[in-house]
Amino acid sequence: MNALLPVRGLGRAMVLAATALACHAAGAGPVLDRIRQAGTIVLAHRESSVPFSYVGPNGQPIGYALDLCTHIAEAVRKQLGLPALARRYVQITPANRVQFIAQGRADLECGSTTNTAERREQVSFTVPHYITGARYLVRADSGIEKLEDFEGKRVVSVPGTAPMKAIVRANAERLLRITVIEAPDLDAATAMVESGQAEGFVMDDVLLYGQRAKSRQPGSLQVVGKFLTIDPLAIMLPKGDAEFKKLVDAELRRLIYSGEARAMYERWFVQPIPPKNESLNLPMSYLLKDFWKYPTDQVPY
């Protein structure tokens, strides 16, 4: 009787090993296991990051990055062999977005986050879906055209963003005596420029164009200056899960090579978009076109 125990133990071990191999073959990993068990994928979105990720007129999150995430969610569903996969949305801010992904509170961050070395210590990024740079939103009658014109003036930005860090650094290096002000979000920063509380708002230029387009009087604002930074924006996902990242990267590349990603770009950057059904009139830049020829998550920043 006792002689059979090792055989039985070996049998159980073989079953467990076979199960583990089957899960691996199905593309399982910590994130995919969590999604399979819950039957839900959690997508983090922004409130007002037009046109990447924002709350639409009907109260539902919409945008370019969310469209990309929707396709990734469908690729996950197919990989896991699920008949359906629910999508749950959680709203995040520039201040807490990295923590939401790092702590596993969301599976994908569908927004306008710059892939930086500092952030890669906590999270992973997939292939960039936009390449932008920080510029300045000013009142059209301000006479401000470049960084040096802000000397002795007030510039607002949002904490936890690359543009905020860049303007603080530039101010110190160039001794411009700029008063750098913090705003909780994009809308609050734009309102400070409109009301005269700040002479400029430094942020990724595509977001500034979005803020201008949805403002009460778009003609009263303009985006000026040379790029203060060059920023590759990409979807964030949890760090250390090779299987999930492989799946996300593969779907982004498929969307790029098939032309579907470009069609999504046209939808959100060239055609009229909510809430005012106005166009941002931002054709795809040569930077993004060149990057998408050989799409990779590797960025020189």
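Basis for what follows: all heavy atoms, side chains included, without hydrogens, waters or symmetry-related copies.
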Participant: Tell me, with the steps shown, if Lys245 and Asp241 meet salt bridge (Lys or Arg N to Asp or Glu O under 4.0 Å).
Facilitator: CA-CA 6 Å; Lys245 178 163 171 47; Asp241 191 327; over 6 Å; no
Participant: Any side-chain donor-acceptor pair under 3.5 Å between Gln197 and Ser195?
Facilitator: yes
Participant: For Glu118 and Lys165, what are the C-alpha separation, side-chain angles and deciding distance, and is it a salt bridge (Lys or Arg N to Asp or Glu O under 4.0 Å)?
Facilitator: CA-CA 12 Å; Glu118 180 181 358; Lys165 295 178 181 179; 2.8 Å; yes
Participant: Angle between ring planes, Phe52 versus Phe269, binned at 30° and 60°: parallel, tilted or perpendicular?
Facilitator: perpendicular
Participant: My understanding is that only one of Asp231, Asp205, Asp204 makes a side chain to side chain donor-acceptor pair (under 3.5 Å) with Thr132; could you say which?
Facilitator: Asp205
Participant: Quick one: do Arg77 and Glu74 satisfy salt bridge (Lys or Arg N to Asp or Glu O under 4.0 Å)? Show the steps, please.
Facilitator: CA-CA 5 Å; Arg77 184 196 67 77; Glu74 176 60 12; 2.8 Å; yes
Participant: How about Leu147 and Ile178: do any of their side-chain heavy atoms sit closer than 4.5 Å?
Facilitator: yes
Participant: Let me see the working for Asp185 and Arg46 under salt bridge (Lys or Arg N to Asp or Glu O under 4.0 Å), right down to the final yes or no.
Facilitator: CA-CA 10 Å; Asp185 54 41; Arg46 298 280 293 278; over 6 Å; no
Participant: Could you grab the distance from atom CZ of Arg135 to atom OG1 of Thr229, nearest 0.5 Å is fine?
Facilitator: 11.5 Å
Participant: Please tell me whether Thr113 and Arg97 have a donor and an acceptor in their side chains that are separated by less than 3.5 angstrom.
Facilitator: yes
Participant: Please tell me if the side chains of Leu32 and Val76 come closer than 4.5 Å, counting only heavy atoms from C-beta onward.
Facilitator: yes
Participant: Does Leu66 offer a backbone N or O that forms a donor-acceptor pair with the side chain of Ser53 under 3.5 Å?
Facilitator: no
Participant: Measure up the Tyr265 and Tyr64 rings against each other and bin them: parallel (under 30°), tilted (30 to 60°), perpendicular (over 60°).
Facilitator: perpendicular
Participant: Asp149 and Gly143: which non-hydrogen atoms are nearest, and at how many Å?
Facilitator: OD2-O, 4.1 Å
Participant: Enter the distance from Ile101:CD1 to Ile92:CD1 here, rounded to the nearest 0.5 Å.
Facilitator: 8.0 Å
Participant: Mind checking whether Tyr54 and His45 have ring centres under 6.0 Å apart?
Facilitator: no
Participant: I'd like to know if Val168 and Met203 are part of one continuous hydrophobic network [Ile/Leu/Val/Met/Phe/Trp/Tyr, side-chain heavy atoms within less than 4.5 Å].
Facilitator: no
Participant: Please determine, by modelled atom types, if Thr126 and Asp249 share a side-chain donor-acceptor pair under 3.5 angstrom.
Facilitator: yes
Participant: Please collect all ring pair (Phe, Tyr, Trp, His ring centres under 6.0 Å) contacts where either partner lies in residues 160-212, sequence neighbours excluded, each pair once.
Facilitator: none
Participant: Quick one: list whatever passes salt bridge (charged side-chain N to carboxylate O under 4.0 Å, His left out) with Arg254, sequence neighbours left out.
Facilitator: Glu251, Glu260
